[in-house]
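Presented below is the structure to which this report refers.
Lettering of chains follows the sequences in order, A, B, ..., and the numbering in each one begins at 1. Only this structure's heavy atoms are used, side chains among them; waters, hydrogens and symmetry mates stay out.
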Amino acid sequence: MIEKRRIAVTGIGMVTPVGNTASETWSALLAGKSGAAPTRSFDASGFSTTFSAEVKDFDAESAVPSRKLLKYASRSHRFALAAAAEALADAGIAPTGVDSHRWGLAVGAGMLSVGYEDLTVVRDYAAPDGEFNADGLVRPDFPGNPVNFCRWQSNAGQGLLTKQFGIRGYASSVHTACASGGQAIGTALKVMRRGQCDYMLAGGFDSMINPTGISGFCLLGALSTDNDNPTGASRPFDATRNGFVLGEGAGFLVLEDWDKATARGATIYAELAGDGNSLSCYRITDSPPDGNGPIQAIEQALGDAGITAAEIDYVNAHGTSTQMNDRSECAALKAVFAGRIDEVRVSSTKSSMGHLIAAAGAVEAAVCCLAIRHSLAPMNANYENPDPDCDVNLITGAPQPMRIRAALSNSLGFGGSNSSLVFRHPEEVRS
Amino acid sequence: MKHAGEKIVFTGSGIVCGAGTSVAEVWERLEKGETAVAPFTQFDGTNWPVKVAAEVLQDNRFLVSDRKLHKTIARTDMFGIYATESAIEDSGLPAYREGLGEAETDTFNDRTGLIIGSGGGNYRSNYDFLPLMTAAKAAPGEELPYFGRELGNQVTPMWLLKNLPNNVLCHVGIRGQYKGTNACITNQCSSGVLAVAEGASAIWNNEADRIAAAGHDSPFEPEMVYYYHQLGLMSGEPPRPFDAERNGTVFGEGSAAVVLEREADAKARGAKVLGEFLGFGCCSEATGILDLEDDGDGVKRAIESALADAGITKEQVGLICAHGNGNEASDLTESMGIRSVFGDEIPPVTAFKWAYGHLIAASGIADLVMILEVLRRGVIPGIATLGKVDPLIAPFPISREATVPRSDIALLICRGFGGMNVVLVVRGAS
């Protein structure tokens with residue numbers, strides 16, 4: 001078997017509910033700070049859940065210098081452009097006229113339905129009595145704006161990012177609900193290993209904190225309704241957990257051919273060593289109680305990384321804080337780590353940031369890279385009541401100083417798509 | 001040799017579009033020069049500047065026999081499930097699995113992957129909110145609180161599930177228990193062809209033993225027609241690719257799918273082979289959401305990287321299946337990209353959107369399914385809507401009449417929003 005090409009993570013960027021940069025986010029996670037608060041961006045008082053984990057004080061104008069791109073960018077695209085710019089600056093490298101065709105992009109794209117504001121225009125012209133009548137759209141005074149149309153195209157984020165940074169190689173946009181960010185980074189790993197790109201920007205972005213976005217989750221009863229205690233509502237693996245907290249944001253990694261990165265003396269956070277993904281084939285929203293599905297994704301990722309479960313020291317869990325997900329994920333971890341389960345430290349940083357949906361896997365991958373670099377694993381905040389079904393070795397109360405040989409990041413999406421990524425400490429020599 | 005030793009072949013295909021619900025039906029329309037573009041029926045076009053589309057006219061029950069599913073998935077998902085399951089059935093894999101023991105079946109399922117290119121939703125799904133929004137507007141001063149309070153009473157709890165972009169992936173998975181590697185690609189027009197490319201790569205990378213790759217979309221919706229028209233992209237008649245009088249594209253709807261596996265595995269189980277996947281190229285023009293480079297350089301680069309990936313020379317290409325969407329700038333720059341690679345030796349070119357409209361996320365993969373049939377038959381159907389080739393594009397080897405491929409290798413071009421160019425290279429079954 002041919003040796004797999006080594007891929008380095010050399011840049012990180014994040015816009016999250018607990019910080020508008022990677023370093024702010026990292027500090028907040030170490031402090032166990034919560035990003036949840038009563039929803040400010042719209043009047044959520046009538047909804048069953050009135051709080052969320054919003055990105056705060058985000059200055060799009062300074063984060064996205066191009067006026068034209070800003071015009072076409074939705075809220076989540078703006079997070080993406082800012083986080084991607086931070087990642088590239090952090091890596092100290094960017095596409096040039098000479099190598100732009102060797103740069104690629106893979107993104108987990110967020111909310112693919114239309115926002116409430118745009119829908120009100122359709123309502124007012126084409127559904128004045130509630131029933132949609134297409135002729136309302138061809139009234140001469142219909143104020144439909146093609147810019148809004150462009151913004152809602154499935155790969156609009158991909159188009160804006162490739163233009164902003166001049167990326168002219170492979171480009172793709174994926175969406176497997178909550179697994180999107182992880183799948184995008186996995187896609188990037190495959191593209192680079194097969195030699196199609198030497199550098200890739202990989203990540204995810206999402207913003208569903210708006211009336212239509214949040215509605216879908218409210219209707220499903222998936223969100224925590226602890227309206228009187230937003231900061232304590234996301235408590236993955238706690239026996240009293242009662243749903244997830246909706247977050248928003250973006251996370252990006254700069255991935256680089258290992259030899260090129262070392263040759264230019266780049267700081268390498270970690271090796272992106274393995275990707276695994278599987279389909280649970282169980283039910284659309286329910287997670288398999290025995291972990292059948294996530295197990296295969298984790299095992300594939302380990303195999304792809306060329307390591308065994310014995311080398312994983314830290315797991316950044318999907319840990320949404322719903323009853324079913326957390327139980328299913330723990331069952332999978334116990335199956336994979338078996339007798340070693342107590343040695344593996346686990347936390348879900350959704351306890352602080354909330355659930356960033358299509359961005360979650362990307363942001364949490366970035367967290368794994370930072371944990372490896374700083375030999376410090378962030379905590380699972382808000383944990384008080386043990387659940388016998390979730391008796392994994394959680395990091396609670398404070399971050400855990402520990403050298404991490406390899407970290408596992410799980411993302412398990414609606415519809416049963418499971419994505420697992422393995423990151424290795426750069427000093428760990430490939431055997 | 002890039003992919004030494006391991007040939008990847010197509011062992012099944014499926015299609016549903018305005019021109020038919022099987023490869024044979026669509027072929028018949030192509031051969032006769034009949035377009036499926038016709039006055040649309042899903043809404044009243046009397047007052048609309050565009051009155052035609054290539055609609056799928058079969059009802060949901062024809063597409064998906066399980067009626068319980070009809071309420072929990074979107075129109076585009078019906079197409080996707082139909083085509084993907086048709087391709088899997090066509091491959092003979094379900095019958096093959098029947099003959100396996102229990103442990104072998106588990107391994108088979110874990111090593112069978114699904115990679116689906118999805119349109120990602122569009123507009124129609126949001127209209128479920130309109131009655132509630134109208135009622136909320138009448139609640140003065142407190143529209144959103146009213147909307148929030150009444151949500152559970154007026155909108156189906158299943159709303160989000162009905163509109164998941166990855167629905168085809170999960171429903172085909174659940175129905176068939178295909179548990180292997182998977183992806184849902186939402187990269188607008190290039191989604192379906194990228195699904196094929198990533199599917200082949202997944203087998204080469206030993207992530208799976210077999211992959212069903214599909215693309216599905218239902219872009220024909222009033223708002224989509226409105227905005228495409230506003231942007232000058234929509235014609236009121238069947239598209240005329242590369243024609244001097246071309247004036248835009250027309251929406252179709254539907255899905256297409258293929259099954260990919262190693263040639264050795266296909267042989268071992270005695271499967272029929274529809275063709276071979278040779279390689280692909282994918283690149284961005286970095287021009288934003290709608291704009292195109294004006295020299296076709298992205299098309300050129302995607303073709304060159306696909307030829308290199310396939311390990312073949314341009315002289316070996318027997319025909320080109322162009323994106324040919326009938327838009328002025330897209331067709332012109334596509335022809336420039338082709339010419340810059342092939343010079344004066346361009347092999348015969350065809351394009352199919354004149355027949356079944358533009359399927360957006362499913363467009364390139366529908367073309368792939370039909371190109372495999374072209375290679376099998378050794379006949380390239382003529383483009384029935386072609387009048388006179390644009391002088392800015394001529395000489396260009398496209399024709400109203402049926403022609404013959406120069407070899408058994410086809411190069412397929414798919415372009416899309418976001419400055420995307422994806423090129424596949426395939427060999428037909430001899």
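For the options G152(B), G180(B), P49(B), heavy-atom pairs under 4.5 Å to chain A are most numerous at G180(B). Put simply, of W159(B), F147(B), Y146(B), the one with the most heavy-atom pairs under 4.5 Å next to chain A is F147(B). Interface summary for chain A: among I116(B), L169(B), T46(B), L114(B), the most heavy-atom pairs under 4.5 angstrom belong to L169(B). Between chain A and the options C170(B), C282(B), A183(B), heavy-atom pairs under 4.5 Å are most frequent for C282(B). Chain B forms more heavy-atom pairs under 4.5 Å with one residue of K190(A), Q164(A), R151(A), H101(A) than with any other, namely K190(A). Between chain B and the options A156(A), S419(A), S100(A), A297(A), heavy-atom pairs under 4.5 Å are most frequent for A156(A). Highest contact tally toward chain A, considering only I185(B), L151(B), T72(B), is held by L151(B) [criterion: heavy-atom pairs under 4.5 Å]. Each of T162(A), L279(A), T176(A), T120(A) has some count of heavy-atom pairs under 4.5 Å with chain B, and the biggest count is that of L279(A). Ranking A138(B), S125(B), G120(B) against chain A, the residue ahead of the rest is G120(B), based on heavy-atom pairs under 4.5 Å. Here R168(A) is the residue among R168(A), Q296(A), K163(A) with the most heavy-atom pairs under 4.5 Å with chain B. Per-residue heavy-atom pair counts under 4.5 Å with chain B were compared for T212(A), N145(A), N418(A), and the maximum is reached by N145(A).
Identified by a heavy-atom distance below 4.5 Å to chain A, the contributing residues of residues 191-203 of chain B are L194(B), E198(B), S201(B), in residue-number order.
Here the CE atom belonging to M420(B) is positioned 5.5 Å from the CD atom belonging to Q158(A), to the nearest 0.5 angstrom. Summarising the geometry, atom CG belonging to N166(B) is positioned 6.0 Å from atom NE2 belonging to H175(A); distances are rounded to the nearest 0.5 Å. Residue T181(B) holds its OG1 atom at 9.5 Å from CG of D304(A), rounded to the nearest 0.5 Å.
In this structure, S154(A) contributes its side chain and Q188(B) its backbone to a donor-acceptor pair below 3.5 Å. Between the side chain of D43(A) and the backbone N or O of E142(B) there is no donor-acceptor pair closer than 3.5 Å.
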>> Working note: F149(A) + Y228(B), criterion ring-ring contact (aromatic ring centres under 6.0 Å, His included); need CA distance, chi angles, decisive distance, verdict.
In response: CA-CA 9 Å; F149(A) 160 82; Y228(B) 263 68; 5.7 Å; yes
>> Evaluate D124(A) against K137(B) for salt bridge (charged side-chain N to carboxylate O under 4.0 Å, His left out), listing each step before the verdict.
In response: CA-CA 9 Å; D124(A) 294 347; K137(B) 193 185 179 186; 3.1 Å; yes
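Salt bridge present: E143(B) and R123(A) bring a charged side-chain N and a carboxylate O closer than 4.0 Å.
Heavy-atom distances place both the backbone and the side chain of L137(A) under 4.5 Å from chain B.
Remark: aromatic rings of Y226(B) and F142(A) are close, center separation under 6.0 Å. Proximity of the aromatic rings of F129(B) and Y116(A) is defined here by a centroid distance below 6.0 angstrom, and this criterion is not met.
Using modelled atom types and a 3.5 Å distance limit, the side chains of S173(A) and N187(B) yield no donor-acceptor pair.
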